[in-house]
Each structure stands twice: as C-alpha cells, then as structure tokens.
Amino acid sequence: MTTISGARLFDGTDARGVTTVTIEGGLINAVEPGERAGDVDGRGATLLPGLIDAHVHLRGAGNLGQALRHGVTTVLDMFSAPPQFTAMLRGRAARRTDEADLRSAGLMAGAVDGWPAVMLPPDPSGWHMPGLSGPADAEQFVAERLREGSDYLKVFVENAADVSRPTLTPETVAAVCAAASAHGVLTVAHAPTRWAFRTARDAGVDVVTHLPLDGPLDAPDDELAATVVCPTMTMMRALTDTANTAQLLADPRLVAGLDPEALAAMRTGDRGGLPTSSAAGASYAHAEDNLRRLVDAGATMLAGTDANDVPGHAAAVVHGASMHLELELLVRGGLSPRDALRAATATPASVFGLPDRGRIAPGQRADLLLVDGDPLADVTATRDVRGVWRAGVPVDR
Ligand SMILES: [Zn+2]
C-alpha cells in the first residue's frame, strides 16, 4: 500500500483541493480530503490521472518507455505495422511496468498503392499492407483487423487532388465506418484538410484527427458541437515549421526523459524525414483558428500528439515529451487548462471505452502523475514531473 498525501487533486474532471490518495494492488483504494501521514509527500504538488495520448504511432518498443517517463501512462496507437509487431508490443504492455499501456488501430484503411502503405519500408518477411479498392472491400478489411486485435479502426481520408497517390473515395470511407459500427468499434479519420474533415464527418466517423491547415472549417456550429476531434496541434505545427524541436530542446524538463540517441540526432537539426504539408495554402494559423472555432462550438476534445519517432532517430514529434507541448498548444488555441487536462485524461478514456482509467477515484487503475505546482493555473506545470505510477508501480525516471 502507498499513500500520496497533501497534493492538490485533479481527478480527470475537476480540481478537488488537497487530498490523500491510497493505492493498493494496482488500484486506487481511497481518495480522502486533507493531508495525513503518507509515504509520498505531495505538498506543493498536483496529482493527476496518468496522461492518455490519443494519437501516436508506435515504431519501436522504446516509444512506450519514453512516453511513460513523461507521465503518459496509456497511448492510443493510430496505425502501426506489421500486425506481428503490434502484437509484440501488446504482449510487452501486458507484462512490463516500465512502458506505457497501449491500445491500437493496427493497420490503417487506405487505398491500394496509396497512403499509408507507401510510407512503409519493405518488410523483410515479404508482408505487404492490404488496401481497399472500393466499398465492397470494407467488411473484409474490418473483420481482418479485428481478428488481428485492433481496438478501433483508423481510416485515411485525403482528397485525391491533394496527394500524389490513390485515395479512398467518400463511399469507401463510409463503408468502412458502417462495417466498423456493425462490429461495435469506433472509427478514427486522418483528416488534415477542409475537404477531408467534411468528408470524414459526412461518412460517419466517430473521431476526426488533425485539423484543416488549408482554411476554415465550413460546418455550422451545431455540427461542430457534435464532433469529437483530436487536433494533434503539435503535428500541425511540425508540418509547417520547426518550433517543436527548438522548444523541446530549450526545456530541460522535456529533455530529461528522452532517449539519448534521439536527443543527439535532434541536436544536429535532423527533422527525421518529416515532409511539410502538401495542402495548398497550409498554415498553422488555420489549424489554430479551427481549434478556436471547435472550442467555442463545444466540440469534444482529445489531446493527442501524432508522435512517431523511431527509437534512436530524430523526429519533429516525439513520444512523451510532445504531450506536454500539446497541452500548451491546446491552451493557446482556446481551451482552459482544466479542459486541456480533461482532454488528456477522462475524455479519451470515455470516448475509447477505457472505464478503468482517466480518473482518480476508488477502484480505478492507479495510473498517476504527480507534478510540482498547479497545472490548472499554468498547464506547463505538467512538465515538472515528481512521480509517475503505472498500475500502482512507481516509474524509475
Ligand atoms: Zn498519425
């Protein structure tokens, strides 16, 4: 049994004042107001649920350790390949206490010979990424992913005019959504342009990720209010400039948990091969204006980074550390610190059907983040990590 005493509490929804939290057997046992004798002195700190990054790509087992050291206790992978690699990571997450837990979409739905298949390096085993040639392929694609263990479906939505590769038609996107819905799983759409955002919503996707970089959203407020969106502001910024890397390298709190080889590569100015946005007129200002519009309309917000670093290599959006940049960018884009923290804890747990986490309450999994200061007043306080627990086990940082 461990008692964390005297910290202010953010329970995933709201601030609850000074509290004593007891954990036992991997679960939260008691949450009591006030301060008492405890194993961990939380005075001057804030205790939050472990963060949930609602958009990552897993490229190596090292990603999960780096995420956990930065207080991200669960990652929602939005496309990793091949399936045996994703299965290997699931196995590790079930056994290990030094890596973040994960859920995964597995393979993403895209056109034959289109994105994202063309991003993948040749697989030594000869495996190749399946694609869809039309709506008739949707049911089989979805059924195969569920057999591989996908927790939800990811679908690539881009206008054929904007990318140099074959893309799914709106009818095929809608067929993937219908097939996933019939199997009782969510669909998440990659939609970084106005056309893609509209097409994804019209097709009936459950979660839209990214935000249009090429101009304002053209939907009425009541439609935006009913949208669940994971804006990935860190990636939107990375597609248009190099501010992430500069900001990250300038903050010793973010540098602390990074893989040393990745850090060395970042210091040489290597962007990790990330292309700039191909959409005409792409600008981060459009993404930020669209975020503000969604916030004002009352859309449901999820914090996600699109972290995609290959362990040991540089990347513009890295696991773990980028989640703290994302929270700051969400607040700059109009969310209150409380709403940004909800978007990183209780809201993704609720949207993705993870009832055991994302909140601090008796019976919940003891995924916890203890930070110095008060992130409800200044959200960058999440970087001052004092402690992380994964299912009750303290993380060696
Ligand atoms: Zn992504």
Side-chain angles (χ1 to χ4, degrees), residues 52-60 63-64 66-67 72 74-82 85-86 89 100 102-111 114-121 129 145 150-158 162-163 165 167-168 173 176 186-193 196-197 199-200 205-213 228-240 244 271-279 282 284 287 291 301-310 313 315-323 325-326 329-330 343-344 348 351-352:
I52 300 172
D53 187 336
H55 188 148
V56 304
H57 298 281
L58 294 169
R59 312 283 297 275
N63 294 155
L64 293 167
Q66 187 169 295
V72 176
T74 301
V75 299
L76 305 181
D77 172 67
M78 290 296 160
F79 168 42
S80 57
F85 167 74
T86 313
L89 292 181
L102 72 103
R103 297 292 184 277
S104 177
L107 301 179
M108 177 165 19
W115 298 94
V118 296
M119 294 160 61
L120 295 175
M129 171 96 181
R145 301 296 77 74
S150 294
D151 299 290
Y152 37 81
L153 263 290
K154 176 80 181 297
V155 56
F156 187 85
V157 184
E158 289 254 23
D162 292 337
V163 289
R165 286 281 174 170
T167 57
L168 299 178
V173 176
V176 171
L186 296 181
T187 42
V188 181
H190 158 100
T193 63
F197 206 92
T199 301
V205 304
D206 297 292
V207 178
V208 184
T209 185
H210 309 310
L211 281 179
L213 284 162
V228 182
V229 59
C230 180
T232 68
M233 299 306 279
T234 316
M235 177 54 85
M236 297 298 92
R237 191 168 69 164
L239 289 171
T240 51
N244 290 336
R271 298 188 74 228
L274 187 70
T276 48
S277 173
S278 56
Y284 182 74
L291 173 59
M301 286 290 166
L302 305 174
T305 59
D306 210 2
N308 59 30
D309 41 319
V310 177
H313 293 268
V317 183
V318 297
H319 286 264
S322 302
M323 191 61 172
L325 299 180
E326 184 70 19
L329 294 179
L330 289 173
V351 167
F352 282 91

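Only this structure's heavy atoms are used, side chains among them; waters, hydrogens and symmetry mates stay out. Each residue takes its place number in the sequence, starting with 1. All ligand and atom numbering here is 1-based and tracks the order in the structure.
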Can you name the one residue among H319, E326, M235 that meets side chain to side chain contact (heavy atoms under 4.5 Å, CB included) with T305? E326
With sequence neighbours excluded, residues passing salt bridge (charged side-chain N to carboxylate O under 4.0 Å, His left out) with R59: none
How many protein N, O or S atoms sit closer than 2.8 Å to the Zn ion (ligand 1)? 3
Please report the shortest heavy-atom distance between F79 and L120, naming the atom on each side. CZ-CD2, 4.0 Å
ring-ring contact (aromatic ring centres under 6.0 Å, His included) partner of H190, the single match among H55, H210, H57: H210
Mind running side-chain contact (heavy atoms from CB on, under 4.5 Å) on M108 and W115 for me, showing each step along the way? CA-CA 9 Å; M108 177 165 19; W115 298 94; over 6 Å; no
Compare every heavy atom of P231 with every heavy atom of L291, then report the nearest pair and how far apart it is. CD1-CG, 4.0 Å
